[in-house]
Peer 1: 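For reference, the structure I am asking about is given below.
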Amino acid sequence: MGGWAIAVHGGAGVDPDLPLQRQEEAKQLLTRVLNLGISALRSNLSAIDVVELVVRELETDPLFNSGCGSALTAKGTVEMEASIMDGPKRRCGAVSGLTTVKNPISLARLVMDKSPHSYLAFDGAEDFARQQGVEVVDNEYFITPDNIGMLKLAKEANTILFDYRIPSKGCGAGVESPLKMNGLPMSVYAPETVGCVVVDREGRCAAATSTGGLMNKMVGRIGDSPLIGAGTYACKLAGVSCTGEGEAIIRGTLAREVSAVMEYKGLGLQEAVDYVIKNRLDEGMAGLIAVSNKGEVAYGFNCNGMFRGCASENGFMEVGIWE
């Protein structure tokens, strides 16, 4: 075994004019949660426990788009989704349509550990949360003043805002975006989903992803984050978490493709990540983080940038946004 490794992300597709203060805040949060994961790994916590721990911390901070600070639906409410996967036996749990669960990733873990199913959504997921005694809060807890303002901008522009905090130049009624999703206009691309992948000292891989989705999304829309094989995947070889244009990630089954080309084409981890980003996104934009059972860590994206942090037991550590 090559020792432990960990990577975190806070979304791919970053506005090039993102204020420096916002960049610094993002780097500080990524560094904090990365160090949290590193400490847990040094204490021999298992990979699946570490990814849950790190994503819970990201859900609690309103900076990125998960848990508190989640993007708003067209009706001004929050509908969150998350998934988690344990590589050794490919056990998984996923949830969608959550409106009151404070930490969606922990409910996904309970679906994996305490239910006969792999995926629960909307009322069924909320009922299961109460049966399990997880912490619930009013939907207002997740809503921030920034997001209320960005939803207003999205409605005025009649578009889905991917970069829901930094409006594109000229964003307003009657301004058509040059970018499209499934043929429909969208704004500057930066969804800010969060995720974590880990391989522990035993070579066990795990992955977790959590998001509030898209600003001004249709009520009931489900993205790639809770879909095993699309936004999240872990097996004996690798763990992967994706972020970006959910519809493109779903079409390309992006997370599963990384381990598939490793298994079937014999590619190394970074080679596999590069291959998938180049060949499986069509015209979509996205990024991903990955670890292998050999203690390797890798990432890739085909857009302006990705909020990310990586570290491994050999002393490597990096936190960045741009190429």
Peer 1: Tabulate below the donor-acceptor pairs under 3.5 Å that side-chain atoms of residues 26-35 make, not counting sequence neighbours, or state none.
Peer 2:
unit_1, atom_1, unit_2, atom_2, d
T31, OG1, K27, O, 2.8
R32, NH1, E57, OE2, 2.5
R32, NH2, D61, OD2, 3.2
N35, ND2, T31, O, 3.2

Peer 1: How far does CE of M112 sit from CG of L107, to the nearest 0.5 angstrom?
Peer 2: 12.0 Å
Peer 1: Kindly compute the distance separating CD1 (I143) from OG1 (T77), expressed to the nearest 0.5 Å.
Peer 2: 7.0 Å
Peer 1: Enter the distance from M306:CE to L288:CG here, rounded to the nearest 0.5 Å.
Peer 2: 6.5 Å
Peer 1: Can you see whether T211 engages E81 through a side-chain donor-acceptor pair at a distance of less than 3.5 angstrom?
Peer 2: no
Peer 1: Begin with the C-alpha distance, continue with both residues' side-chain angles, and end with the deciding distance and a verdict on side chain to side chain donor-acceptor pair (under 3.5 Å) for T209 and S83.
Peer 2: CA-CA 6 Å; T209 312; S83 63; 4.8 Å; no
Peer 1: In this structure, would Y233 and Y264 fall into the same cluster of hydrophobic residues linked by side-chain contacts under 4.5 Å?
Peer 2: no
Peer 1: Do D146 and T144 get their side chains close enough for a donor-acceptor pair, meaning under 3.5 Å?
Peer 2: no
Peer 1: Carefully, step by step, assess Q23 and W322 under the rule side chain to side chain contact (heavy atoms under 4.5 Å, CB included).
Peer 2: CA-CA 10 Å; Q23 294 183 39; W322 315 107; 3.3 Å; yes
Peer 1: In Å and rounded to the nearest 0.5 Å, what is the CE to OG distance from M215 to S70?
Peer 2: 9.5 Å
Peer 1: Do E313 and R201 come within less than 4.5 Å of each other through their side chains, counting heavy atoms only?
Peer 2: yes
Peer 1: Is it the case that the side chains of E202 and W4 hold a donor-acceptor pair, with the cut-off being a distance below 3.5 Å and no angle test?
Peer 2: no
Peer 1: State whether E257 and K265 are salt-bridged, where the test is any N-O pair (Lys NZ or Arg NE/NH1/NH2 against Asp/Glu carboxylate O) under 4.0 Å.
Peer 2: no
Peer 1: Assess whether salt bridge (charged side-chain N to carboxylate O under 4.0 Å, His left out) is satisfied between D113 and R109, documenting all intermediate values.
Peer 2: CA-CA 6 Å; D113 289 342; R109 174 77 184 269; 2.8 Å; yes
Peer 1: Check whether V198 and M317 end up in the same hydrophobic cluster, where Ile, Leu, Val, Met, Phe, Trp and Tyr are linked by side-chain heavy atoms less than 4.5 Å apart.
Peer 2: yes
Peer 1: Yes or no on side chain to side chain contact (heavy atoms under 4.5 Å, CB included) for E79 and F122, after CA distance, side-chain angles and deciding distance?
Peer 2: CA-CA 9 Å; E79 291 182 355; F122 296 93; 3.9 Å; yes
Peer 1: Start with the C-alpha distance between S66 and V55, add both sets of side-chain angles, then the distance that settles side chain to side chain contact (heavy atoms under 4.5 Å, CB included), and finish with yes or no.
Peer 2: CA-CA 9 Å; S66 65; V55 172; 5.9 Å; no
Peer 1: Is any NZ, NE, NH1 or NH2 atom of the basic residue among R308 and E318 found under 4.0 Å from an Asp or Glu carboxylate oxygen of the other?
Peer 2: yes
Peer 1: Does I250 form a side chain to side chain contact (heavy atoms under 4.5 Å, CB included) with T253? I'd like the steps, not just the answer.
Peer 2: CA-CA 5 Å; I250 292 168; T253 57; over 6 Å; no
Peer 1: Test of understanding: clusters of I, L, V, M, F, W, Y form through side-chain heavy atoms closer than 4.5 Å, transitively. Do V319 and V51 belong to the same one?
Peer 2: yes
Peer 1: Do Q270 and D274 have side-chain N/O donor and acceptor atoms under 3.5 Å apart?
Peer 2: yes
Peer 1: Tabulate below the donor-acceptor pairs under 3.5 Å that side-chain atoms of residues 97-104 make, not counting sequence neighbours, or state none.
Peer 2:
unit_1, atom_1, unit_2, atom_2, d
T99, OG1, E126, OE2, 3.3
T100, OG1, E126, OE1, 2.4
T100, OG1, R130, NH1, 3.4
T100, OG1, R130, NH2, 3.1
N103, OD1, R56, NH2, 3.4
N103, ND2, R56, O, 3.4
N103, ND2, E59, OE1, 3.0

Peer 1: Which value, rounded to the nearest 0.5 Å, describes the distance between I6 atom CD1 and D200 atom CG?
Peer 2: 11.0 Å
Peer 1: Would you compute the distance between atom OG of S312 and atom NZ of K294 and round it to the nearest 0.5 angstrom?
Peer 2: 15.0 Å
Peer 1: Evaluate the salt bridge (charged side-chain N to carboxylate O under 4.0 Å, His left out) criterion for residues E263 and K236: first the C-alpha distance (whole Å), next the side-chain angles of each, then the deciding distance (0.1 Å), finally the verdict.
Peer 2: CA-CA 10 Å; E263 182 176 357; K236 290 181 179 179; over 6 Å; no
